[in-house]
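Heads up: the structure comes next, in structure tokens.
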Amino acid sequence: MSTEKKKNKTILSGIQPSGHLCIGNYVGALKNWVDLQYEYNSIFLVVDLHAITVRQTPSELRKQCLSFLAQYIACGIDPDTSTMVMQSHVSQHAELSWVLSTLTSMGELNRMTQFKDKSKRHSQNINAGLFTYPVLMAADILLYQADVVPVGADQKQHLELARDLAQRFNSRYSPTFSVPEPYIPKSGARVMSLQNPMKKMSKSDDNLNNLIALLDPPDVITRKIKRAVTDSGTDIRYDEVSRPGLANLISLYSSLSGMDIPTVENHFAGKQYSVLKKDLADLIVETLIPIQETYHSIIQDKDYLESILFNGANTAKYLARRTMSKVYRKVGFVVPKKEK
Ligand code: AQP
């Protein structure tokens, strides 16, 4: 497909401003956003409405929202090219979510594995928002007629629902929404926890040894990788089933170095696990140092960050209003006179 053609297509993705943005978010999502932003019209969201589905401290959440925006920029999202949006600045996300929730069955939401996982992790706060989270995510995507959604493998099920809802609305009323395609990277789609490689690395994990945060200092990164759980084998060979911890480290090395997995295996042939761990820690530090430098240089500049959000909201609201006026008309609402 030519660049010109792709420019007519939109990519969209977002991350909840909760916990610590981690290397899993980076290789599963952010790195691909950066690579794709010049090929497509791009919209990147800080999804604060999603974040309150688990309990947050308001003053912390406010800080996190700007911190995540600054980390997106530090990772390479270019505010002159991409539209960067704070989800709560565009009220149409919630409006479309309501309409789509009337097309979603309880059974579909009951099957969502993220809801099951999060209900276990937050058993004192299993709220309706946590249950309907995937509908709001579908609204985020469909509101902007996104064609491609770069996400990690954990979001595949939610993406399927967004596709189903787009098709359901289109066939019940008339063609209205683009049906989005997931963009899941070949390597790094599912970075696993460092201490428990059977579960995914999660940015809100209470045990910080399970994750590498994008803002972790070099000595912390080196220590966490050194202590990452592996097995008692000696050769560096990728096997997700019998050696999940080692496979996770090889896969991370592959994503960050750009080498495919067999090349990484050859590169470390005859070497010990400790060598892989040291080289991986160095590679992560090398990747994150420039990100951290940029982050620290912009995070205090609140005016700059707020102006990016102001511009992002203006662009986003224009697109969102266009979609919502179609949606409301099609479902049979009376459109206010001035919007006709
Ligand atoms: N381990 C991972 N490997 C690859 N991609 C991942 N993503 C998340 N974890 C991994 C991708 O990052 C984007 C943002 O996902 P999110 O906002 O749901 O964040 P999270 O890290 O998945 O957060 P948790 O663990 O659910 O904790 P909360 O949300 O409570 O902070 C997505 O594209 C995801 O695929």
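Counting convention: from 1, in listed order, for ligands and their atoms alike. Keep in mind that the numbers below use all heavy atoms, side chains included, and drop hydrogens, waters and symmetry copies.
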Task: Carboxylate-amine/guanidinium proximity below 4.0 Å for Asp154 and Arg190 - done: no
Task: Met201 N/O to ligand 1 N/O under 3.5 Å - done: yes
- [ ] Report the part of Ser18 (side chain from C-beta onward, or backbone N, CA, C, O) that has a heavy atom under 4.0 Å from ligand 1; answer both or neither where that applies.
- [x] both
Task: Minimum-distance protein heavy atom relative to atom 16 (P) of ligand 1 - done: Lys203 NZ, 3.9 Å
Task: Any N/O pair Gly152/ligand 1 closer than 3.5 Å - done: yes
- [ ] Provide, to 0.1 Å, the distance between atom 8 (C) of ligand 1 and the closest protein heavy atom, together with that atom's residue and name.
- [x] Asn25 ND2, 3.2 Å
TODO: Consider ligand 1: state whether an atom of it lies below 4.0 angstrom from any non-hydrogen atom of His50.
DONE: no
Open item on the list: With a 4.0 Å cut-off on heavy atoms, is Arg121 in contact with ligand 1?
Closed with: yes
Task: Region of Val151 engaging ligand 1 - heavy atom pairs below 4.0 Å - done: both
- [ ] Can you tell me which residue pairs pass the salt bridge (charged side-chain N to carboxylate O under 4.0 Å, His left out) test with a partner in residues 269-279, sequence neighbours excluded?
- [x] Lys278-Asp282
TODO: Could you tell me whether Arg190 approaches ligand 1 through its side chain, its backbone, both or neither, with non-hydrogen atoms closer than 4.0 Å?
DONE: backbone
Task: Heavy-atom side-chain contact between Val331 and Thr102 under 4.5 Å - done: no
Task: Ionic contact status for Glu39 with Lys9, cut-off 4.0 Å - done: no
Task: Protein heavy-atom partner closest to atom 5 (N) of ligand 1 - residue, atom, separation in Å - done: Gly24 O, 3.2 Å
Task: Passing candidate, side-chain contact (heavy atoms from CB on, under 4.5 Å) with Ile43, options Leu143, Ile141, Val85 - done: Val85
TODO: Starting from atom 24 (P) of ligand 1, find the nearest protein heavy-atom neighbour and note its residue, name and distance.
DONE: Ser202 OG, 3.7 Å
Open item on the list: Quick test: of every protein heavy atom, which one is nearest to atom 3 (N) of ligand 1, and how far off is it to 0.1 Å?
Closed with: Val191 N, 2.8 Å
Open item on the list: Here's a test for you: under side-chain contact (heavy atoms from CB on, under 4.5 Å), which of Gln16, Met137, His93 qualifies with Leu49?
Closed with: His93
TODO: List the closest protein heavy-atom neighbour of atom 27 (O) of ligand 1: residue, atom name, distance to the nearest 0.1 Å.
DONE: Ser204 OG, 3.4 Å
TODO: If you link ILVMFWY side chains whenever their heavy atoms are less than 4.5 Å apart, which other residues fall into the same cluster as Ile52? By chain and number, please.
DONE: Leu61
Task: Member of Trp98, Tyr173, Phe333 meeting the ring-ring contact (aromatic ring centres under 6.0 Å, His included) criterion with Tyr328 - done: Phe333
- [ ] For Gly28, take its heavy atoms, then give the atoms of ligand 1 lying under 4.0 Å from any of them.
- [x] 4 (C), 5 (N)
Open item on the list: Could you tell me, atom by atom, which parts of ligand 1 come under 4.0 Å of a heavy atom of Gln155?
Closed with: 18 (O), 32 (C), 34 (C), 35 (O)
Open item on the list: Which heavy atom of Met112 sits nearest to which heavy atom of Pro134, and what is that distance?
Closed with: CG-CG, 3.8 Å
Task: Taking atom 17 (O) of ligand 1 as the reference point, the nearest protein heavy atom with its distance - done: Gln16 N, 3.1 Å
- [ ] Do me a favour and list the nearest non-hydrogen protein atom to atom 35 (O) of ligand 1 with residue, atom name and distance?
- [x] Asp154 OD1, 2.5 Å
- [ ] Verify whether one side chain among Asn125 and Asn127 offers a donor that lies under 3.5 Å from an acceptor in the other.
- [x] yes
Open item on the list: Can you tell me if Ala189 contacts ligand 1 (heavy atom of the residue under 4.0 Å from the ligand)?
Closed with: yes
- [ ] Compute whether any side-chain donor of one residue and acceptor of the other, for Asn8 and Tyr40, lie under 3.5 angstrom apart.
- [x] no
